[in-house]
There are 2 protein chains.
Amino acid sequence: MDVKGLAMAKDAKTKGGPGRPRAETPKGFRDYFGAEVTERKAMLDTIAGVYHRYGFDPLETSAVETVEALGKFLPDVDRPNAGVFAWREDEEGASREGDWLALRYDLTAPLARVAAQYRNDLPTPYRRYAMGPVWRNEKPGPGRFRQFYQCDADTVGVASVAADAEICAMLADALEEVGIPRGDYVVRVNNRKVLNGVMEVAGILDPNDPEKFAHERGIVMRAIDKIDRLGPEGVRALLGEGRKDESGDFTKGAGLDENQITAIERFVAPSGPGVVGSGQVIVPAIQVSGTGVVKDAQGKIRTDNGFVEEGDWNTLSNLTGLTGGSLEGSQGVDELRDIISMVRAQGYGPDRIVIDPSVVRGLGYYTGPVFEAELTFEILDEKGQKRQFGSVAGGGRYDDLVKRFTGQAVPATGVSIGVDRLLAALRAKGRIRADTRGPVVVTVMDRDRMAEYQAMATDLRRAGIRAEVYLGNPKNFGNQLKYADKRNSPVAVIQGTDEAARGVVQLKDLFLGAKIAAEASHEEWKSQPAQTEVPRDSLVAEVKRLLGSA
Amino acid sequence: MDVKGLAMAKDAKTKGGPGRPRAETPKGFRDYFGAEVTERKAMLDTIAGVYHRYGFDPLETSAVETVEALGKFLPDVDRPNAGVFAWREDEEGASREGDWLALRYDLTAPLARVAAQYRNDLPTPYRRYAMGPVWRNEKPGPGRFRQFYQCDADTVGVASVAADAEICAMLADALEEVGIPRGDYVVRVNNRKVLNGVMEVAGILDPNDPEKFAHERGIVMRAIDKIDRLGPEGVRALLGEGRKDESGDFTKGAGLDENQITAIERFVAPSGPGVVGSGQVIVPAIQVSGTGVVKDAQGKIRTDNGFVEEGDWNTLSNLTGLTGGSLEGSQGVDELRDIISMVRAQGYGPDRIVIDPSVVRGLGYYTGPVFEAELTFEILDEKGQKRQFGSVAGGGRYDDLVKRFTGQAVPATGVSIGVDRLLAALRAKGRIRADTRGPVVVTVMDRDRMAEYQAMATDLRRAGIRAEVYLGNPKNFGNQLKYADKRNSPVAVIQGTDEAARGVVQLKDLFLGAKIAAEASHEEWKSQPAQTEVPRDSLVAEVKRLLGSA
């Protein structure tokens with residue numbers, strides 16, 4: 001059937017008669033039909049294949065966790081009502097009476113729990129991927145659901161940013177393998193420590209009292225995170241006194257002074273010196289030629305862990321300048337250089353992975369490198385206006401989540417792909433690879449010869465062809481063809497008494513038939529070229545030919 | 001890593017220090033690691049392939065339903081504490097304030113809701129399959145979990161038992177395709193209407209007042225359902241006054257008289273006349289030769305919908321005798337004959353699908369045909385005693401579930417595979433087909449040459465080989481090999497400064513190495529035949545050769 005049609009179909013709201021329940025998906029939840037399931041599965045299988053090839057092992061945790069284990073780490077600050085679906089254990093229930101259980105809200109919190117619980121048995125490092133639904137108890141809205149898929153890969157137990165570099169490279173591979181061509185995506189990398197360094201230099205962070213200015217830093221990070229939406233002026237307003245949005249609502253700003261604002265802007269502005277933004281390398285004021293740095297014959301600058309391109313070097317130099325004097329900032333720049341050096345040495349150029357200081361990734365629990373995959377091609381938004389497709393994946397290093405349980409620091413880093421968004425991107429680009437054709441439908445002309453119709457379907461299936469006998473009421477033959485259309489069937493098989501006597505079947509090419517019906521004149525349509533008569537013995541071969549799989 | 005070891009590993013119960021949460025899977029829930037996930041996915045993919053080939057479309061409903069839509073249809077009567085995990089919507093939450101939501105307890109109730117909700121848009125018939133977790137709020141016990149997988153296929157909108165026959169045939173195909181050989185399974189078919197007919201004749205059911213004797217009939221069905229466990233004597237006791245079990249607990253019986261008990265026994269006893277039980281065809285007293293029925297040259301008895309074997313005919317004749325005079329009973333026998341005729345005509349012999357009057361399938365919501373797939377090979381149970389593996393799938397016709405919502409009768413039939421049990425059977429038979437080998441591990445001898453190690457892993461991955469660089473602390477080389485062992489890695493790649501200078505790498509065959517370590521003498525072991533030196537340029541080709549995929 002036409003699945004898109006179904007998904008958008010107004011459901012037959014069953015209000016329920018006297019004493020009857022309503023047939024409704026709970027608000028904020030949805031059902032996935034046919035091709036929607038097949039297409040997502042094909043995409044996730046491809047991603048799993050990439051992760052598996054990188055040595056990651058699958059992990060499937062229970063959907064239910066104790067509230068205690070989940071903690072209050074909901075990553076998405078843009079959703080203020082976000083919460084979990086939780087309930088209290090029955091008295092006769094398990095664990096300890098009165099424990100609160102909840103549906104997981106992401107796949108990272110359960111991983112931290114598993115890493116702590118099985119720490120004596122898991123390999124170190126522990127590389128794992130996980131795919132599955134997560135649940136958020138929040139107000140549903142258009143396109144915002146309370147159950148959605150995530151697809152994560154994480155490495156637990158590696159302090160070296162080699163693990164972060166690996167995940168960025170793997171993410172780029174995964175995007176290409178599902179069908180996003182090179183040039184249509186970019187993985188942007190930043191480091192929280194660099195931003196901290198910039199803020200330290202600007203006097204918005206005191207390394208001796210990290211909690212001081214926490215409120216201001218929160219506003220700064222949220223402002224940077226929204227630069228695409230608010231533009232430079234909006235960010236400037238939020239860094240200063242505050243911002244009035246289109247509806248007239250006022251958001252209080254961080255209250256920074258002019259010098260502080262300029263420092264943040266220099267760090268983050270896409271047009272600032274040395275900054276790599278929107279996939280463009282902008283040559284900065286500080287030239288490599290003036291730094292005594294040596295380039296090799298290929299124009300590469302060798303580092304401890306590989307090499308960087310000139311644009312990378314300039315960006316890193318700029319960041320070094322902006323964080324000068326901050327220990328954390330300089331450590332952050334070193335880590336960024338290491339990550340970029342490693343991915344460059346593995347063949348990932350600036351067309352695939354770049355440094356971008358505007359990447360912040362919400363507030364969350366990140367402690368070092370952060371990354372984000374953005375699709376750079378344009379689509380039309382709801383208002384018919386062109387805009388970049390935007391982010392489809394993000395992640396970073398979170399060294400403190402396992403420590404919650406054990407008290408011991410366990411370094412970890414990972415990435416999460418927004419499954420629905422990536423799938424929407426593939427649909428927008430016409431890159432869905434799943435075969436979503438319906439079955440060959442063997443129609444029923446004579447109810448007495450069901451056994452023969454079943455035999456035809458069996459023959460087709462044995463040859464690997466999707467096929468079924470029409471099992472509805474066969475009286476109205478038109479209904480059978482309507483059914484085949486609804487199922488998106490490529491071919492209908494027809495055999496009446498006459499054809500049976502002659503040992504033949506009629507094959508109706510439904511895709512061609514639809515095309516002719518749409519394009520051809522009435523005379524052409526009547527000649528029915530989309531229907532051919534073939535010997536019963538050639539049924540399988542002829543159907544194969546029609547399906548293009550002969 | 002050795003996943004079985006991990007699954008059974010005593011988790012490092014983190015009691016949580018001061019203020020620390022406990023790292024524990026909620027009681028009754030579990031996590032699945034590595035090969036456990038891969039193996040289940042491979043099995044489900046194979047089953048989905050069969051269902052898809054039969055024309056079934058995937059459906060994925062939300063995990064959460066309104067309690068109202070779920071209703072009180074928990075199918076499993078053997079679990080008296082069974083219930084759902086439910087919670088009340090927040091005030092600011094969705095739908096209508098105060099609505100109760102719950103996790104689905106099976107995949108049939110959500111299908112009934114979908115069939116009602118989308119009835120104007122779904123094709124008729126609607127064939128769908130669904131795979132995913134379901135949740136039961138009940139007391140956990142050994143091997144009894146509160147979240148587990150189901151794998152269902154159902155046809156909605158077909159009154160004809162052709163749909164039931166199709167599902168039985170498809171179930172047999174699915175079992176063979178995942179790796180259960182013919183002869184190791186049997187699909188048993190029965191019909192609730194036949195049992196009703198037998199009870200009507202015996203005076204335990206009044207067609208004019210179906211609710212009369214409902215209590216007695218419940219006991220009869222539960223007793224029949226437990227015949228494998230209780231034996232004929234136990235069933236007889238339950239049909240009569242009652243039964244005292246080994247622990248001394250007394251279960252009150254149905255209170256039938258001697259004639260009634262005999263009628264049920266004649267219907268159900270595996271050694272009774274004409275009954276097909278345990279996959280054996282027992283030649284009955286009523287011979288075909290005495291009935292005037294005509295067999296064709298192949299010994300087949302032609303029917304309207306195909307043919308039946310002599311054993312089938314005898315069973316059906318016996319059932320006709322036992323239900324004589326009951327309209328419902330005779331209808332049930334007709335349906336059974338139709339189902340068997342159709343599957344026989346499609347090539348499914350009595351070695352694969354049989355009539356078995358002892359199949360009852362709990363109380364549940366079934367209204368006609370019921371079926372069950374049983375694995376007939378023997379395994380050792382917990383006590384080391386041989387027993388048949390038993391049931392792995394079951395289903396039947398439930399014509400009233402959609403009606404709950406719409407008030408209009410919508411016929412439906414389907415089957416559910418117990419995913420964990422079937423997977424356990426495949427493991428017991430050594431029939432798991434998933435490749436669960438770990439990655440090739442490129443070890444780190446010189447920290448300075450990480451880029452070169454990464455390049456080796458990249459080369460291997462480009463050739464489709466699962467590979468990773470060791471990212472833990474490389475100081476202790478022994479730890480790197482221990483890690484490779486834990487990951488179940490087939491090959492370790494080693495390149496020190498010396499090898500690098502000579503342009504070679506060492507390949508260590510870890511599977512062969514483990515075999516030698518286990519079997520060979522110390523001298524043989526020292527000669528290290530499991531390790532070979534190959535040119536760096538041949539790395540990919542040589543690893544492929546070792547993996548047996550050259």
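The chains referred to below are lettered A, B, ... by the order of the sequence lines, with proteins before strands, and numbering in each begins at 1.
- Using a 3.5 Å distance cut-off with no hydrogens or angles, the side chains of B:Thr25 and A:Gln117 do pair a donor with an acceptor.
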Could you walk me through whether B:Arg22 and A:Glu68 satisfy the side-chain contact (heavy atoms from CB on, under 4.5 Å) test, starting with their C-alpha distance in whole Å, then the side-chain angles of each, then the deciding distance to 0.1 Å, before giving a yes or no? CA-CA 7 Å; B:Arg22 288 163 304 154; A:Glu68 175 188 8; 2.9 Å; yes

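- Taking a cutoff of 4.0 Å between a charged side-chain nitrogen and a carboxylate oxygen, A:Arg466 and B:Asp57 qualify as a salt bridge.
- Electrostatic pairing of A:Arg113 and B:Asp31 counts as a salt bridge here, judged by a charged N lying under 4.0 Å from a carboxylate O.
- Remark: B:Lys139 does not engage A:Glu89 in a salt bridge, criterion side-chain N to carboxylate O under 4.0 Å.
- One finds a salt bridge joining B:Glu60 and A:Arg40 here, because a Lys/Arg side-chain nitrogen approaches an Asp/Glu carboxylate oxygen to under 4.0 Å.
- A 4.5 Å side-chain heavy-atom check between A:Arg127 and B:Leu471 finds at least one atom pair inside the cut-off.
- Ion pairing between a basic and an acidic side chain is recognised when a charged N comes within 4.0 Å of a carboxylate O; A:Lys27 and B:Asp99 show no such pairing.
- If you take NZ on A:Lys41 and CG on B:Leu44, they are separated by 9.0 Å, rounding to the nearest 0.5 Å.
- Considering CG of B:Asn305 and CE of A:Met450, their distance stands at 8.0 Å, rounded to 0.5 Å.
- The side-chain contact (heavy atoms from CB on, under 4.5 Å) test with A:Ser62 is passed by exactly one of B:Tyr32, B:Trp135, B:Phe29, B:Phe145: B:Phe29.
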Report the C-alpha separation of A:Asp448 and B:Asp304 in whole Å, then their side-chain angles, then the decisive distance to 0.1 Å, and conclude whether the side-chain contact (heavy atoms from CB on, under 4.5 Å) test is met. CA-CA 7 Å; A:Asp448 296 345; B:Asp304 283 352; over 6 Å; no

